[in-house]
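Counting starts at 1 for both ligands and their atoms, following the listed order. When a residue number appears, it is its place in the shown sequence, counting from 1. For clarity, every value in this text was computed on a predicted model and none was experimentally measured. Atom set for the values below is all heavy atoms of this structure, side chains included, hydrogens, waters and symmetry mates excluded.
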Amino acid sequence: MTAARPPRLRFAPSPTGALHIGGARTALYNWLAARHDGGELVLRIEDTDRERSTEENWEQIVDALEWLELDWDEGPVSQFGRAERHRRALARLLESGAAYRDAATAKDVEAWKAERGAGAGYRGTPSDEPGAAVRLRVPDAGETVVEDLIHGPVAFPNASYDDFVIARGDGTVLYNFAVAVDDAEMGITEVVRGDDHLSNTPKQLLVLAALGHEAPRYAHLPLLHGPDGKKLSKRHGAASVQELREAGYLPAAVRNYLALLGWGTDDDTTLMPTAELVRRFRVDDVGKAAAIFDEKKLRWLNGRYMRELPLEDYVAAVARHLGREPDERLREACAIAQEKAQTLDEVWPLIRFLFEPPVDDPKSWQKVMRPGVEEPLAAAREALGDVEPFAPEPIEAALAPVLERFELKPGRLYQPIRVAITGSSVSPGIFESLAALGRADSLARIDEALVRLRSAKLDE
Ligand code: GLU
């Protein structure tokens, strides 16, 4: 960017719901654009829809941004709290004649209700009925052109706008007016937001022009779709940042994945740490096509981040996710699970056997504990009784002769041991698992499995 002054951006969510994945990407792009150029980011909460805005949603959005580790330089600013400024701007337009009082029709009311569909708009005030209104004078001819950084110039003929309503008779302004005034008065230089706001932009530009403000630069981000090409929704998996967090994704991986949805490389599974994203990100390089959010790819990328975390950080993240103490036991468990888990959620099933008696997975048992496993398992148990020290390498060495004696492929011996000590056919490496569990528990669990195998045989 060649702007002389550092850019000032804003993220402007409406607190009418949780922060969705599309909103999180918008926040991230604003943050990256601000950080790339040593600019500033303002968090403006568009809480003018008094019926649907809640404090709980406000907090959830702030929490979600904090979890994503996206910081801001000013705010959170309440848009509703700026009502007095909106009124003053309106008064200026009335004074200059750029706006005038008129009767509002039922059609006007429909139009201002539709503005709420954009995510905000004063709602539920007593004046939500046809009555008096304030209209902006719109030139009859010519066009209003949005010079969009992503879409290029998009022209809207002025003839398609009547003098539209910017405020109700009681002075409460409408959504597009509030946004334009705020962007101007907050010194916003770039507006980066979802595609669904492109059609609002000409109205905002007309308001800005009437107020004599310079317009910011606009970038409208293509929507996110699911892998089936449909608009992203809950049926594609996690839909909100909160859900991503609960599912055990790491914020750094989420930033990486979301950043590449529509920007950067053709391959949205590329590993790009945040510092590199900040260095390279330019909003002008965002593509025009809808991007696909595919949770499978995020999961894969998350697994890469999980494997590359220093053990201390890994243990801390797992402990936080599980609500456990990051003690020595957990550290040992994490050390053997780190290679295997793609999300924090996947860690516990892999390490639970180190904290609790094995939970039997009937399918694993059925598949693995087949006729003929009893003898080699008993032999393995004997061999393990003598291993000194009870550590991965000596354990491997002690089991090798058992494989040879029974002429078994490794899996044929290791899987029954695994099912015996963990209850499942999926676990961290078998030698590491045995060593972490310790000799006494390992032998006791194998003995128990042998008893079950023998009684099953008697039942036949
Ligand atoms: N509050 C709007 C929304 O949540 C965003 C408005 C804007 O960025 O201009 O969709």
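- Here's the thing with Pro13: none of its N/O atoms is less than 3.5 angstrom from an N/O atom of ligand 1.
- Relative to the ring axis of Phe164, Lys203 places its NZ or CZ within 45° and under 6.0 Å from the centre.
- Partner of His220 under the side-chain hydrogen bond (donor to acceptor under 3.5 Å, both in side chains) criterion, chosen from Asp195, Thr201, Asp196: Thr201.
- Atoms of ligand 1 lying under 4.0 Å from at least one heavy atom of Glu46, given by number and element, are 1 (N), 2 (C), 5 (C), 6 (C).
- The residue from Arg193, Gln79, His197 that puts a heavy atom closest to atom 3 (C) of ligand 1 is His197.
- A heavy-atom separation below 4.0 Å is found between Tyr175 and ligand 1.
- Looking only at atom types and distance, the side chain of Asn30 has no donor-acceptor partner in the side chain of Trp72 under 3.5 Å away.
- Arg10 counts as a contact of ligand 1, since one of its heavy atoms falls under 4.0 Å from the ligand.
- Side chains of Asp37 and Arg8 form no contact here, defined as non-hydrogen atoms less than 4.5 Å apart.
- Interface atoms of ligand 1 facing Ser14, defined by a heavy-atom separation under 4.0 Å, are 1 (N), 2 (C), 3 (C), 4 (O).
- Remark: Arg324 qualifies as a cation-pi partner of Phe355 under the 6.0 Å distance and 45° angle criteria applied to the six-membered ring.
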